[in-house]
Engineer: 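Before anything else, here's the structure in question.
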Amino acid sequence: MVTEPSKEVTRRSLVSRLRDRNGDDRPHFVICGADPLVYTLAEELVTSGHGLRLTVITRPDLRPNVPDLDGLRSRGVRVITAARLDEHTFRDAGLDGAEGLALVMPDDMVNLHAALCARAVEGDLRLVIRMFNTGLAQGVRRLFADCAVLSDAGMAAPSFVAAALGEVAPTHFRYAGRTLHVAKREDVRAEEVVLALTAPADGGQVAVLPAEQESTRPGDLVLAEATGRPAAQAVAARRLARAGRRRRPWLSFGRALRAGLTRKLGIAVLVTLGVTVAAGALLTMFDEDHGFWRSIYITLLTVVGSSDVEPDLNPIAQAAQLVLTIAGVALLPLITAAVVDGVVRTRLAIDRGEAFGVHVDHIVLVGLGNVGTRVLRQLHDLGVDVVAIDRNPDAPGVKVAAQLGVPMIVGDAAREETLRSASIDTCQALVVVSTDDAVNLQAALHARAVRADLRVVLRLFDDDFARRVQTAFNINISRSVSRLCAPAFAASLLERDVLATLPVERHALLVAAVKVLPGSELDGAPLSRADKPRSARVVSMSAAGSGWVDWSPDPRRVLAPGDEVVVVARRAGLRVLLAQATTDASGP
């Protein structure tokens, strides 16, 4: 009987493990997806500078908003179309011997099934799996040894919530016994600031990862240490204050009345009431023997058909009494019809989510898909009043809205009347995160037509399109979820030591630990070589073999092999820094 060797013995050499049939020994990675994230992630890996070999597996029914994959083919990416992610598909894609697999299908069960099939083809494989269900994600992490489970919705939602509230995304991470978070400069003490994240730039733009002297004004974002009085408390207080502002109940009554009465029936009731009041006034004028209350009493009784013939009355009073009696006969059925019609229409309006009271200083949320559901939960947890809109009654977030007691409108947000039914004219912000770019843009433009000063947060799949729309249409914030999340997926697939992802402006900044290898460009260089404003900024460092972390390292300190530097960087800046820390400086 042959015993199983240890993992160290059985693990193949890097060259034999990664070499394909054509002798290509570059690291091979496979990505599977069907929405824009698959394209953005592939683009991120192609431009990573790691000289890897990439295969993309997509479905035949790609979503319309996925960019043309021919652009990836022109960069040497192999693109395969498959209706099912099974062992046969993975073998055709050359998964046997691959370094890593990213499963970014928009369906949790599809990704889980694919992961099980992939492990049957290649057991020694790095897995990065996209999951929306957080409970399922925990189980998947335990199921696979070398696995990272990420949620694009979970990463992107704080950015949309923060943009809607005009606050900072509630992002934090813990490292070396300290909790760091993103905050506005004026919300934290000077000694709590670790690093400047934004600063004003020319032309009204915002510079990301500036030099410290560039970031001095209130409103600039900083990375700060949480020391028992986090800025989040003040931020939450401001949000709750806005959410708890006084409502106007009479507006709610008017909204309910409009929902319960048709226009024609309302006019008929008003005309009949007008005739009744006029005839009653005439009858009172010519009945001089009774006081005011007695006259009202006689008028009301006459309306309900209890009048007596009065041959001795003035002819004008008799005519008024006759009109009043006839009007009363007409008024009673009209009131009955109005009540019945109102009850039925109000019931139907409630079922459709259209007959709730007028809201003030609330958030109108369009789209209850994966991202929208996360945004809804976070806004509700913050105590912010929300009105949700989705044209699909079976959208993932519809049941969540019902559980949370959030008013829900089933309708097309691209129509102005749908937005008005959500009290768009009295809300504090509109957040549009549906999966249809055309609907999102139309909703944003209709909302701006209703209120020119409305704060609009818009989701668009293409990052370049989002940037141009923000500028051309004066939209406050436009974001691409795939662009926000792709750097984190790519970093996890490449097994970089990424500690956190910070959404800042239009960028997703990576917090990463970079280890200096012997003979690299950083070996023997001063720490200042690793600190590059607007690219990669040093947060801390620790010497090789030491557990102590220096949070204020001297930039003149000379780096040695094994030293670990923690940085906040753009993806391009991190790519350059990793090359400096790992590439042999004596090579070509």
Side-chain angles (χ1 to χ4, degrees), residues 158-159 161-201 205-244 378-379 381-384 477 498-513 527-528 530-542 547-557 564-570 573:
S159 180
V161 171
L165 297 173
E167 301 290 353
V168 178
T171 306
H172 65 275
F173 67 96
R174 189 165 179 82
Y175 177 73
R178 294 191 179 190
T179 298
L180 305 179
H181 64 110
V182 180
K184 290 182 179 179
R185 184 173 289 277
E186 65 270 24
D187 289 334
V188 295
R189 295 189 297 242
E191 58 270 23
E192 296 172 351
V193 175
V194 176
L195 184 72
L197 297 178
T198 65
Q205 301 298 313
V206 175
V208 178
L209 294 179
E212 287 301 319
Q213 62 270 20
E214 296 181 87
S215 177
T216 56
R217 68 175 185 178
D220 289 343
L221 299 184
V222 297
L223 184 65
E225 181 186 1
T227 57
R229 51 176 305 278
Q233 294 179 359
V235 171
R238 290 198 295 269
R239 291 169 180 164
L240 293 174
R242 282 199 298 267
Q378 290 189 21
L379 288 172
D381 291 344
L382 290 170
V384 179
I477 304 291
V498 175
L499 306 175
T501 302
L502 308 178
V504 175
E505 293 297 321
R506 304 188 57 80
H507 308 278
L509 301 180
L510 301 176
V511 184
L527 180 62
S528 59
D531 192 272
K532 299 180 177 66
R534 308 200 181 190
S535 178
R537 298 298 315 279
V538 173
V539 175
S540 66
M541 75 155 294
S542 55
W548 179 72
V549 176
D550 186 355
W551 290 95
S552 301
D554 189 335
R556 298 170 297 179
R557 177 169 179 169
E564 187 173 81
V565 181
V566 175
V567 297
V568 178
R570 294 186 174 189

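Throughout, numbering of the chain's residues begins at 1 and tracks the sequence.
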Engineer: Give me the atom names and distance for the closest heavy-atom approach of A201 to A207.
Structural biologist: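 Scanning both residues completely, I find the closest heavy atoms to be CB-N, 3.9 Å.
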Engineer: Looking at side-chain heavy atoms only, is the closest gap between L165 and L379 below 4.5 Å?
Structural biologist: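 SC-SC contact between L165 and L379 confirmed.
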Engineer: Of all the heavy-atom pairs spanning P553 and M541, show the shortest one and how long it is.
Structural biologist: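 The answer is CB-CG, 3.7 Å.
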Engineer: Show the numbers, then the answer: is there a side chain to side chain contact (heavy atoms under 4.5 Å, CB included) between L223 and H181?
Structural biologist: CA-CA 6 Å; L223 184 65; H181 64 110; 5.9 Å; no
Engineer: Can you tell me how far apart CD (E192) and CG (L180) are? Round to the nearest 0.5 Å.
Structural biologist: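 The CG atom of L180 is 11.0 Å from CD of E192, to the nearest 0.5 Å.
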Engineer: Is there a side-chain contact between V208 and L197 in this structure, where contact means two heavy atoms from C-beta onward sitting under 4.5 Å apart?
Structural biologist: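 No, every pair of side-chain atoms sits at 4.5 Å or beyond.
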Engineer: Return the CD to CG distance between E225 and L195, rounded to the nearest 0.5 Å.
Structural biologist: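 E225 CD to L195 CG: 13.5 Å, rounded to 0.5 Å.
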Engineer: Determine the minimum heavy-atom distance between P533 and A211, stating which atoms define it.
Structural biologist: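 For P533 versus A211, the nearest heavy atoms are CB-N, 3.8 Å.
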Engineer: Kindly give the heavy-atom pair with the smallest separation between R185 and V222, and that separation in Å.
Structural biologist: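 Taking every non-hydrogen atom into account, NH2-CG1, 3.5 Å.
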Engineer: Test V549 against R178 for side chain to side chain contact (heavy atoms under 4.5 Å, CB included), laying out the working first.
Structural biologist: CA-CA 10 Å; V549 176; R178 294 191 179 190; over 6 Å; no
Engineer: Can you give me the closest heavy-atom contact between Y175 and W551, atom names plus distance?
Structural biologist: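 Closest approach of Y175 to W551, heavy atoms only: O-CZ2, 3.5 Å.
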Engineer: Closest heavy-atom contact between W548 and S542?
Structural biologist: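 Taking every non-hydrogen atom into account, O-CB, 3.3 Å.
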Engineer: Give a yes or no on whether the backbone of A196 and the side-chain of E212 come within a donor-acceptor separation of less than 3.5 Å.
Structural biologist: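 Indeed, once roles are kept as given, a pair shorter than 3.5 Å links the two residues.
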Engineer: Is there a side-chain contact between R570 and L509 in this structure, where contact means two heavy atoms from C-beta onward sitting under 4.5 Å apart?
Structural biologist: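 When only atoms from C-beta onward are counted, L509 and R570 do touch, with a gap below 4.5 Å.
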Engineer: Dump the intermediate steps for side chain to side chain contact (heavy atoms under 4.5 Å, CB included) on K184 and L221, then the final yes or no.
Structural biologist: CA-CA 5 Å; K184 290 182 179 179; L221 299 184; 4.1 Å; yes
Engineer: Taking side chain as C-beta onward, heavy atoms only, is V566 less than 4.5 Å from V511?
Structural biologist: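 V566 vs V511: side chains touch.
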Engineer: Nearest 0.5 Å please: distance from the CZ atom of R537 over to the CG atom of L209.
Structural biologist: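 CG of L209 is found 7.5 Å from CZ of R537.
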